[in-house]
Amino acid sequence: MRILITGGSGRLGRTIVPLLSAAGHSVRVLSRVRRTGPGLQVSYVVGDLTTGEGLTESVADIDAIVHLASDSRNARAVDVEGTQRLVEVARAARVKQLLYVSIVGIDRIPFRYYECKLEAERLLAESGVPFSILRATQFHSFVALLLNEASRYPFIMPIPSGFFVQSVAIEEVAARLCRAVNEGPSGMLRDFGGPEVLPIEEVAAAWIGRTRPYTGLWAIPIYLPGKVAEAFRAGYNTCPDGDRGTMTWSEWLKRSFNEA
Ligand SMILES: NC(=O)c1ccc[n+]([C@@H]2O[C@H](COP(=O)([O-])OP(=O)(O)OC[C@H]3O[C@@H](n4cnc5c(N)ncnc54)[C@H](OP(=O)(O)O)[C@@H]3O)[C@@H](O)[C@H]2O)c1
């Protein structure tokens, strides 16, 4: 298949591009930056979802689009208006499949970025282009990034009390997306998350134990007011009844921080 990947240079994109390429697909990556990349089966096209630059060229002769491009700080322009532009060129080019990656719980957590992702899902579902949508939970690597940011104060790492985390290995999300490409357009797929739902206190303690042992760093739960925090405390960002990957948070920490 000839597959266009938007966001192919991002965290998830860098994982899925070699997988699809190794599976024998011809992969084209849309990026705002001129890039060259690994493998004869991967080509790059410069384009921008916020302006429409390069989009028509990017979908020429493409069978399927894996739409991963996103920007939480500019979500209306990228995720909503950009998705609308992408859908229009995909429809005109008679693309047979558009696969979109979304986030578990976006319909129940009133967070601005999530509202934009929900709007993008609706645009896709109403586009007339055959589609699949996979909602995934947070990636282990993303949770680690957030914890790292929270650890910038000496000794004290503030964490939101009562939150739950069901993070998942990015490779497992990429593998699920590859299967979805092969399965063809299937509408809304079952949510996909990590193997365990953990209280954030446990997640933070394991991260400190693995990355900052003996530093005296201590995770301090802080109660956050508001509807967004309430939704996270209710666990709407998790999918205990969905499909699950197998790599646990502690296995991922062990692998990523290189200790036996
Ligand atoms: N991170 C998580 O834990 C998580 C969990 C579940 C679902 N997701 C979803 O998975 C997807 C990928 O997430 P990620 O963490 O891999 O993202 P990321 O690392 O932040 O990468 C974002 C990508 O979007 C592209 N992009 C941004 N603005 C663009 C624009 N104006 N035009 C074209 N491309 C643009 C960037 O490409 P260039 O810079 O090369 O242009 C980059 O490759 C997103 O839809 C996200 O909502 C993420």
Side-chain angles (χ1 to χ4, degrees), residues 4-17 19 27-37 42-59 65-87 89 98-107 109 111-121 123-124 132-149 165-174 176-177 180 189 191-194 203 232 236-239 242-243 245 247 249 252:
L4 172 71
I5 308 193
T6 74
S9 57
R11 280 180 285 259
L12 180 56
R14 288 194 299 274
T15 313
I16 195 172
V17 165
L19 281 185
V27 175
R28 186 183 296 164
V29 170
L30 176 80
S31 170
R32 288 164 299 173
V33 182
R34 191 164 297 283
R35 297 175 190 270
T36 53
V42 181
S43 63
Y44 288 81
V45 57
V46 175
D48 190 329
L49 287 164
T50 62
T51 61
E53 177 207 348
L55 293 192
T56 303
E57 300 88 300
S58 75
V59 297
I65 300 175
V66 180
H67 181 29
L68 310 176
S70 180
D71 186 344
S72 57
R73 288 156 308 174
N74 196 16
R76 176 137 299 276
V78 176
D79 295 76
V80 180
E81 292 160 14
T83 297
Q84 176 66 44
R85 288 189 186 93
L86 185 70
V87 158
V89 296
L98 214 168
L99 172 57
Y100 181 57
V101 69
S102 190
I103 304 174
V104 167
I106 57 165
D107 48 340
I109 304 173
F111 179 41
R112 190 74 202 100
Y113 174 49
Y114 287 5
E115 286 166 356
C116 287
K117 299 279 301 181
L118 190 61
E119 224 173 307
E121 283 188 0
L123 285 171
L124 231 83
S132 306
I133 295 171
L134 179 71
R135 289 184 181 171
T137 57
Q138 282 64 47
F139 309 147
H140 290 320
S141 50
F142 182 65
V143 172
L145 193 80
L146 296 180
L147 292 174
N148 191 47
E149 277 172 21
V165 179
Q166 190 187 351
S167 57
V168 63
I170 208 164
E171 294 85 352
E172 293 183 323
V173 178
R176 177 66 191 94
L177 286 170
L189 302 173
D191 286 355
F192 189 74
V203 169
F232 276 98
Y236 294 159
N237 58 312
T238 65
C239 57
D243 290 339
M247 180 172 278
W249 173 237
W252 182 84

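All heavy atoms count here, side chains included; hydrogens, waters and symmetry mates do not. In each ligand, atom 1 is the first atom listed, and ligand 1 is the first ligand listed.
Taking only non-hydrogen atoms, the option from Val173, Thr137, Leu177 nearest to atom 5 (C) of ligand 1 is Thr137. Here the shortest heavy-atom distance to atom 16 (O) of ligand 1, taken over Thr83, Leu12, Leu146, belongs to Leu12. Taking each of Val33, Val101, Val168 in turn, the one with a heavy atom nearest to atom 10 (O) of ligand 1 proves to be Val101.
In terms of protein heavy atoms, atom 21 (O) of ligand 1 is closest to Gly10 CA, 3.4 Å. At the shortest separation from atom 28 (N) of ligand 1 among protein heavy atoms lies Arg32 CZ, 3.3 Å. Of the protein's heavy atoms, Ser9 OG, 3.4 Å lies nearest to atom 38 (P) of ligand 1. Atom 44 (C) of ligand 1 has Leu68 O, 3.3 Å as its closest protein atom, hydrogens excluded (heavy atom only). For atom 23 (C) of ligand 1, the nearest non-hydrogen atom of the protein is Gly7 CA, 3.7 Å. Closest to atom 34 (N) of ligand 1 among all protein heavy atoms lies Ala69 CB, 3.7 Å.
Considering backbone and side-chain N/O atoms, Ile103 never comes within less than 3.5 Å of an N/O atom of ligand 1. Close N/O approach between Ser70 and ligand 1 is found [any backbone or side-chain N/O within under 3.5 Å]. For ligand 1, one of its N or O atoms has an N or O atom of Phe139 under 3.5 Å away. At least one N or O atom of Arg11, backbone or side chain, sits closer than 3.5 Å to an N or O atom of ligand 1. Below 3.5 Å of separation, one finds an N or O of Asp48 facing an N or O of ligand 1. Considering backbone and side-chain atoms together, Leu49 places an N or O closer than 3.5 Å to an N or O of ligand 1. In terms of polar-atom proximity, Ser31 is counted as a contact of ligand 1, with an N or O under 3.5 Å from an N or O of the ligand.
At distances below 3.5 Å, at least one donor-acceptor pair connects side-chain atoms of Arg28 with backbone N or O atoms of Ser58.
Contacts of Val78 with ligand 1, taken as heavy-atom pairs under 4.0 Å, involve the side chain alone. With a heavy-atom cut-off of 4.0 Å, Tyr44 does not touch ligand 1 at all. Residue Val104 does not touch ligand 1, judged by heavy-atom distances below 4.0 Å. Only the side chain of Lys117 comes within 4.0 Å of ligand 1, counting heavy atoms alone; its backbone N, CA, C and O stay farther away. Residue contacts with ligand 1, taken as heavy atom pairs separated by less than 4.0 Å, involve Phe142 solely via side-chain atoms from C-beta onward. Of the heavy atoms in Ser102, only backbone atoms (N, CA, C, O) come closer than 4.0 Å to ligand 1.
Rounded to the nearest 0.5 angstrom, Glu81 CD and Leu49 CG are separated by 11.0 Å. Separating the CG atom in Leu177 from the CD1 atom in Ile5 is a distance of 9.0 Å, to the nearest 0.5 Å. Going from atom CD of Glu115 over to atom CD1 of Ile106 covers 10.0 Å, rounded to the nearest 0.5 Å. The distance from the CG atom of Leu98 to the CD1 atom of Ile133 is 9.5 Å, given to the nearest 0.5 Å. To the nearest 0.5 Å, atoms CG (Asp79) and CD (Glu119) are separated by 10.0 Å.
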*Begin from the C-alpha positions of Glu121 and Ser102 and carry the test side chain to side chain donor-acceptor pair (under 3.5 Å) through to its verdict.*
CA-CA 8 Å; Glu121 283 188 0; Ser102 190; 2.7 Å; yes
*Under the side chain to side chain contact (heavy atoms under 4.5 Å, CB included) criterion, do Gln138 and Asn237 qualify, and how do the steps go?*
CA-CA 8 Å; Gln138 282 64 47; Asn237 58 312; 4.0 Å; yes
*Verify side chain to side chain contact (heavy atoms under 4.5 Å, CB included) between Ile103 and Ile109, making sure each step is shown before the conclusion.*
CA-CA 10 Å; Ile103 304 174; Ile109 304 173; over 6 Å; no
*Could you walk me through whether Val173 and Thr15 pass the side chain to side chain contact (heavy atoms under 4.5 Å, CB included) check?*
CA-CA 9 Å; Val173 178; Thr15 313; over 6 Å; no
*Going through the distances and angles, do Tyr100 and Leu134 end up as a side chain to side chain contact (heavy atoms under 4.5 Å, CB included)?*
CA-CA 6 Å; Tyr100 181 57; Leu134 179 71; over 6 Å; no
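The aromatic rings of Trp249 and Trp252 lie parallel to each other, their planes meeting at an angle below 30°, with 60° marking the opposite boundary.
Ligand 1 has at least one atom lying under 4.0 Å from a heavy atom of Ala136. A heavy-atom separation below 4.0 Å is found between Tyr113 and ligand 1.
A donor-acceptor pair shorter than 3.5 Å can be found between the side chains of Ser70 and Tyr113.
The two residues Val46 and Glu53 come nearest to each other via the heavy atoms CG1-OE2, 3.7 Å.
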